[in-house]
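Structure record follows, encoded as structure tokens.
Here is the naming used below: chain letters follow the sequence lines, and residue numbers restart at 1 for every chain.
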Amino acid sequence: MVTEVLGGATAALAQLVAAPPRTLVIGADATGAAGAGAAVVGDDGLTLTLLGHREGSLPTRVRDASGSVSEYDDPRLLRDRGGLRALEELGLLVPPSAVAGLAPKEARTVAPEAPVLPTMGASAPFFALAAGVTGVLAAVDQASVCAVEVAGGAAVHQHAAPARPLPRTRPGAPAELTIALPAYERAFDAKVGLQAGRCRGCGELALPPRRRCLGCGDESGQELVALPRTGEVYTAVTVHVPVPGLATPYSLAIVELGDSGVRALVHVTDDEPGRVSIGDRGEMVFRLVAIRSGVRDYGYAFAPDRRAVSREAAA
Amino acid sequence: VRPVAVVGAGMTPFGEHFHLGMKDLLPLAVGEALASVEKGIDRREVQAAWFGELTTSDGFPSGLLADSCGLLDIPVTRVENACATGNDALRNAFFAVASGYVDVALVVGADKVRETSARSTFWDWMAMTRDMAWDYPLGLVAPANFALHAVRYLHESPATREHMAMVAVKNHHNAVTNPKAHLRFEVTVEQVLDAPMVVAPFGLYDCTPQSDGAAALVLAAADVADRYTSTPVWVRGVGLGLDRVMHQHKTDMTTFPATVKAARAAYAMAGIGPDQVDVAEVHDCFSCVELISYEDLGFCDRFGAAKLIEAGETTLEGRLPVNPSGGLKAKGHPPGATGVAQCVEITEQLWGRAANQVDGARHGLAHNIGGPTAVSAVTILSTEKG
């Protein structure tokens, strides 16, 4: 008979401690740090005694009927109001010597001597037992906890190729950039044509076009005029932190357009992120800026001219 | 107008209060402010309240304050003015008392930043503060908003990333001994420089944490202040300044004109100049903002901030201690509460019982700059009625 149980470290440890002899219990994780562990329950070897089991609700990770996962990405909330609170309410007389289900840094705030476990899900308790943990082993998952007393020894067999480190880049949360369609429509001509508004009163240019002139305050309306397609960087920054809906890193620049006196705030494109700096010259090029609620939002971006730089380097 | 005094001041600790909701934080801060009134006060003596909140955690702000704090029989007005919210709430309450409309008013500021996932908060806020056609699709997140200024400032002034780091080191140091602070640990210049990048040139330790918290002040008219205290702290100057909202329209990005305008108004009203300020709480959401603000507030000449921080003049032991509380950088930054909490700190400094007391402080200043660097509020408090 094979029973499948969905859950994390808590469910796996609860299954293991409740299993009758001659049961094979397997814990497997396929997301995040992947790994698997298993234990055969017998009459000798390690003795596991259930100290407590508590189920709470802090659904930081939920799965719908089609299997797609929604994540509430907040590790410290998970630690403080999930694992730590559940452990506290269990009221253990002896503090845990290992905690499965928390990141190593968080686990050590509870059990300073805890071994570093390679996974954080259903396989984590098996890795803890394989690491030779004795005393209290706690397994936490969201707001649930299961704790057992571990005594004695057992044969440990590990079959694992050394894991490659996880990639350092983190994809942004799959959030969507929303769109205000009236705002999109009002800005469309000026944005896709890189056009400024020219004041009918004094001739001052404004990007984006606006009702009240930046110069003389005239409010009688502006006509659209083309802006220069070359410019020089006044200031520029590079966003490294993950931003929902956008791939990071990306650079933003405020570019002075020719001798128009107009500046534009735009993405830097066709260049390695982070390379742009004040004084760089280049071209304004038509690009897809973002996809917003499915709508392709076009505009201009700044492409630094690297040929001039390489000519200088060569000279 | 008649003189107005702060007669009570209190705040919750700033931090990640996952276990406390807005309806907990408000009564905690208001309770502490009322309890701090030297000769005692009954909350029924409060005649009107102004509540600064940037977001709307758990719904309708004015009602939440009235309901959760037992203030259902007085008018309550919510104030929202980006990161200048707190000091602007104080400014509005000040006018009500100064004009004679009420004798006793309550100022409250609060925000519950950690009520949404840590990774989405500033993104959620971006949609509230950017032009939806031109800026929003670019991903102009809050740190980028200030970093655009910082890069230009570092380019034109003698300041370097090391000078920015010195601000973080100083403010973290001050927070260690402030029990209300969010980040109570020291950092070194090397740690600040080596930290992961958020938005270049801001590394992790150049940035404010995301905090929950609330703060409150009790204001009373000069005519009734001695009923409540023998040590009134006088609200001598309030100022609010604005600037263009789009970065491409800000001619000189090495300065915040909003701050210059707010400070000019507050100094003029107070009759107190920057050279008379003994202690200041300055908006340091990102390290470089404190440097630029030294200049905008007149604490040093233009591009003199690097020298000021390098000489240690703004440390607790310096000539003009800035952010003795730890500042936004290390005390924390629940935006609506921030300005009110700055005034709680300055009030305690002028009472002589702050956690990091500046000896003999008589005049103190609080400063916010916020939104797309387009609004600033400055408040000047003093032991002297003027």
How close do [X] and [Y] get, heavy atom to heavy atom, and via which atoms?
X         : Y         : result
Val239(A) : Gly139(B) : CG2-O, 4.4 Å
His267(A) : Pro137(B) : CE1-O, 4.0 Å
Glu115(B) : Tyr72(A)  : O-OH, 3.5 Å
Trp134(B) : Leu207(A) : CH2-CD1, 3.8 Å
Asp74(A)  : Thr116(B) : OD2-O, 3.9 Å

Spatial distance of atom CZ (Arg263(A)) from atom OG1 (Thr251(B)) [nearest 0.5 Å]:
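These two atoms lie 6.5 Å from each other.
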CD1-CE distance between Ile254(A) and Met253(B), expressed to the nearest 0.5 angstrom
4.0 Å
Could you check His155(B) against Thr235(A) for side-chain contact (heavy atoms from CB on, under 4.5 Å), going step by step and ending with a plain yes or no?
CA-CA 9 Å; His155(B) 178 76; Thr235(A) 185; over 6 Å; no
Trace of the side-chain contact (heavy atoms from CB on, under 4.5 Å) decision for Leu252(A) with Val199(B)
CA-CA 10 Å; Leu252(A) 293 166; Val199(B) 175; over 6 Å; no
Between [options], who has the most heavy-atom pairs with chain B when the cutoff is under 4.5 Å?
options                                    : result
Val241(A), Ile291(A), Val289(A), Ile278(A) : Ile278(A)
Val262(A), Leu214(A), Asp297(A), Val266(A) : Leu214(A)
Ala236(A), Pro182(A), Gly299(A)            : Ala236(A)

Toward chain B, the part of [X] with a non-hydrogen atom under 4.5 Å:
X         : value
Arg76(A)  : both
Leu77(A)  : both
Ala190(A) : both
Tyr234(A) : both
Pro75(A)  : side chain
Ala183(A) : both

Atom CZ of Arg281(A): over 12 foreign heavy atoms under 6.0 Å:
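No, because the 6.0 Å sphere around CZ of Arg281(A) holds 12 heavy atoms or fewer from other groups.
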For Arg54(A), I'd like to know if atom CZ has over 12 heavy atoms of other residues, nucleotides or ligands within 6.0 Å.
yes
Worked verdict on Thr178(A) versus Met132(B) for side-chain contact (heavy atoms from CB on, under 4.5 Å):
CA-CA 9 Å; Thr178(A) 55; Met132(B) 284 306 278; 4.1 Å; yes
With side-chain contact (heavy atoms from CB on, under 4.5 Å) as the criterion, how do Arg210(A) and His249(B) come out once you've worked through the C-alpha distance, each side chain's angles and the decisive distance to 0.1 Å?
CA-CA 12 Å; Arg210(A) 46 190 283 135; His249(B) 296 153; 4.0 Å; yes
